[in-house]
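Input: one structure, supplied below.
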Number of protein chains: 2
Amino acid sequence: MKNQEFKIAEQKTKQAGLKATIPRMRILQLLENSQQRHWSAEDVYKALLDSGDDEGLALATIYRVLTQFEGAGLVTRLHFEGGTSVFELNQGAHHDHLICIKCGKIEEFFDEAIEKRQQAIAKKKNFDITDHCLHIYGVCALCKKL
Amino acid sequence: MKNQEFKIAEQKTKQAGLKATIPRMRILQLLENSQQRHWSAEDVYKALLDSGDDEGLALATIYRVLTQFEGAGLVTRLHFEGGTSVFELNQGAHHDHLICIKCGKIEEFFDEAIEKRQQAIAKKKNFDITDHCLHIYGVCALCKKL
DNA sequence: GTATATGCAAAACTTTTGCATCCTT
DNA sequence: AAGGATGCAAAAGTTTTGCATATAC
């Protein structure tokens, strides 16, 4: 955890209206510095346990922090099939998900036409969209070869 | 539970490769004869408890039966935000969902253009779609007036 | 009659909460 | 110093499972 990175995380957390506590910093940095984009609470818990010199955090704290991050807009909570919550860092724009049912890989995509159609459907029904999610399940190119 | 309805349910269950047991018949008939389309396991449990002369079923049985129905293609299991599973009878074609976050109403819709775009996206990535779900959350026309 | 399904109770699993203690500001 | 955050353990909620008994074919 380099000093510079810590400063950035501290800044972001405070901007979000949250105190810059150690657990929040560690979770935010994990999400930002890992190439992994999608995390269950358990994933975060284990990653922090394994991550070297520091101690782990309580699982309850991880849930609390991720929920606060969600409220602050730093993170999005997704519900894939299987029931458990998956969290992803909010960076850049909205997108949807392709999930491989063999290897578990999650790919992100964005399609302007689909977004527009959704808005048109909502408009026709006089429905105010607050959120939406499109999850496409199937077998990815790599798994098809196996 | 009229005799005729029972026959139809029996037929469907057997066609699906399942024995025509009382719990399966009662659950299938509930799903087919109610105007309600979306059910949690708990919903089914309560509805069967309340439904007159018969006794209720064990919640475990309801989960088992709904899971078998899902496997047999009679029912689809959905995961909305909130974590609990919701089941709907498979009748007619695929569709997606608009969910009102105020009143909980679930509306179904189908959009050819969105389906086509999804296929195009999958094709480009060489991804074989097995399933997909599009959930749009927001406030419905009725709730907006309140 | 045999294999399968059900009921009941207990377990498994994810997520939340109460409370004493500790940390950030 | 004061309010909020954390850890721990316990609770809550949903879904699954083991096992003895009952049911369908």
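Letters A, B, ... are given to chains in the order of the sequence lines, protein chains preceding strands, and every chain is numbered from 1. Bear in mind that the values here come from a model prediction, so they are computed numbers and not experimental data.
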(request) Please work out which residues in residues 79-88 of chain B have a non-hydrogen atom less than 4.0 Å from an atom of DNA chain D and list them by number. (result)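 Nucleic-acid contacts, sorted: B/T84, B/S85.
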(message) As an exercise, state the distance from CZ of A/R64 to CZ of A/F69, rounded to the nearest 0.5 Å.
(response)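 One finds 13.5 Å between CZ of A/R64 and CZ of A/F69.
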(request) Name the first nucleotide and the last nucleotide along DNA chain D (5' to 3') that come under 4.0 Å of a heavy atom in chain A. (result) D/dG3 to D/dA9
(request) Output the residues of residues 59-75 of chain A in contact with DNA chain C, where contact means a heavy atom of the residue under 4.0 Å from an atom of the strand; sort by number or write none. (result)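 Result for residues 59-75 of chain A: A/L59, A/A60, A/Y63, A/R64, sorted by number.
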(request) Return the set of residues passing ring-ring contact (aromatic ring centres under 6.0 Å, His included) with A/H79 (not counting sequence neighbours), or none when no residue passes. (result)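 Here no residue qualifies.
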(message) Test of understanding: with salt bridge (charged side-chain N to carboxylate O under 4.0 Å, His left out), list the residues that count as partners of A/R117, not counting sequence neighbours.
(response) B/D111
(request) Identify, with sequence neighbours excluded, every residue that meets side-chain contact (heavy atoms from CB on, under 4.5 Å) alongside A/K123. (result) none
(request) Using whole Å, report how far CD1 of B/I27 lies from C1' of C/dA5. (result)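 About 12 Å, once rounded to whole Å.
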(request) Note the angle between the end axes of the helix from C/dG1-D/dC25 to C/dT25-D/dA1, five pairs defining each, rounded to 10 degrees. (result) 40°
(request) Tell me, please, which residues at least two apart from B/K116 pass side-chain hydrogen bond (donor to acceptor under 3.5 Å, both in side chains). (result)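 Not a single residue meets the side-chain hydrogen bond (donor to acceptor under 3.5 Å, both in side chains) criterion with B/K116.
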Using atom types as modelled, flag every donor-acceptor pair under 3.5 Å from a side chain in residues 80-90 of chain B to any protein atom, sequence neighbours excluded.
residue, atom, partner, partner atom, Å
B/E88, OE1, B/H38, NE2, 2.8
B/E88, OE1, B/H95, NE2, 3.4
B/E88, OE1, B/H97, NE2, 3.0
B/E88, OE2, B/H95, NE2, 2.9
B/N90, OD1, B/T76, OG1, 2.6
B/N90, ND2, B/G73, O, 2.8
B/N90, ND2, B/T76, OG1, 3.4

(request) Just jot down the salt bridge (charged side-chain N to carboxylate O under 4.0 Å, His left out) partners of B/E115, sequence neighbours excluded, or say none. (result)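 Checked B/E115 against salt bridge (charged side-chain N to carboxylate O under 4.0 Å, His left out); zero matches.
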(message) For the NZ atom of B/K144 and the CG atom of A/N126, what is their distance to the nearest 0.5 Å?
(response)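 Answer for the NZ-CG pair, B/K144 versus A/N126, is 3.5 Å.
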(message) Would you say that more than 12 heavy atoms from the other residues, nucleotides or ligands in this model lie under 6.0 Å from the CD of A/Q91, or not?
(response)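 Atom CD in A/Q91 is packed in, count exceeds 12.
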(request) Verify the distance criterion only: is there a donor paired with an acceptor across the side chains of B/Q29 and B/R24 at less than 3.5 Å? (result)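 On atom types as modelled, these side chains do not qualify, holding no pair under 3.5 Å.
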(message) Donor-acceptor pair, distance only, cut-off 3.5 Å: does the side chain of B/S34 make one with the backbone of B/L30?
(response)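 No, because the side chain of B/S34 does not come within donor-acceptor range (under 3.5 Å) of the backbone of B/L30.
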(request) Measure across B/V139 and B/C100 and return the closest heavy-atom pair with its distance rounded to 0.1 Å. (result) CA-SG, 4.1 Å
(request) Could you tell me the separation between the CD1 atom of B/I27 and the OG1 atom of B/T61, rounded to the nearest 0.5 Å? (result) 7.5 Å
(message) How close do A/F127 and B/C140 get, counting heavy atoms only, and between which atoms?
(response) CD1-CA, 3.6 Å
(request) Can you sort out the partners of A/K19 under salt bridge (charged side-chain N to carboxylate O under 4.0 Å, His left out), two or more places apart, ordered by chain and number? (result)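 Checked A/K19 against salt bridge (charged side-chain N to carboxylate O under 4.0 Å, His left out); zero matches.
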If you restrict it to nitrogen or oxygen atoms, what contacts under 3.5 Å exist between nucleotides 21-25 of chain C and the protein, and what is each distance?
residue, atom, partner, partner atom, Å
C/dT25, OP1, A/K14, NZ, 3.4
C/dT25, OP1, A/A20, N, 3.4

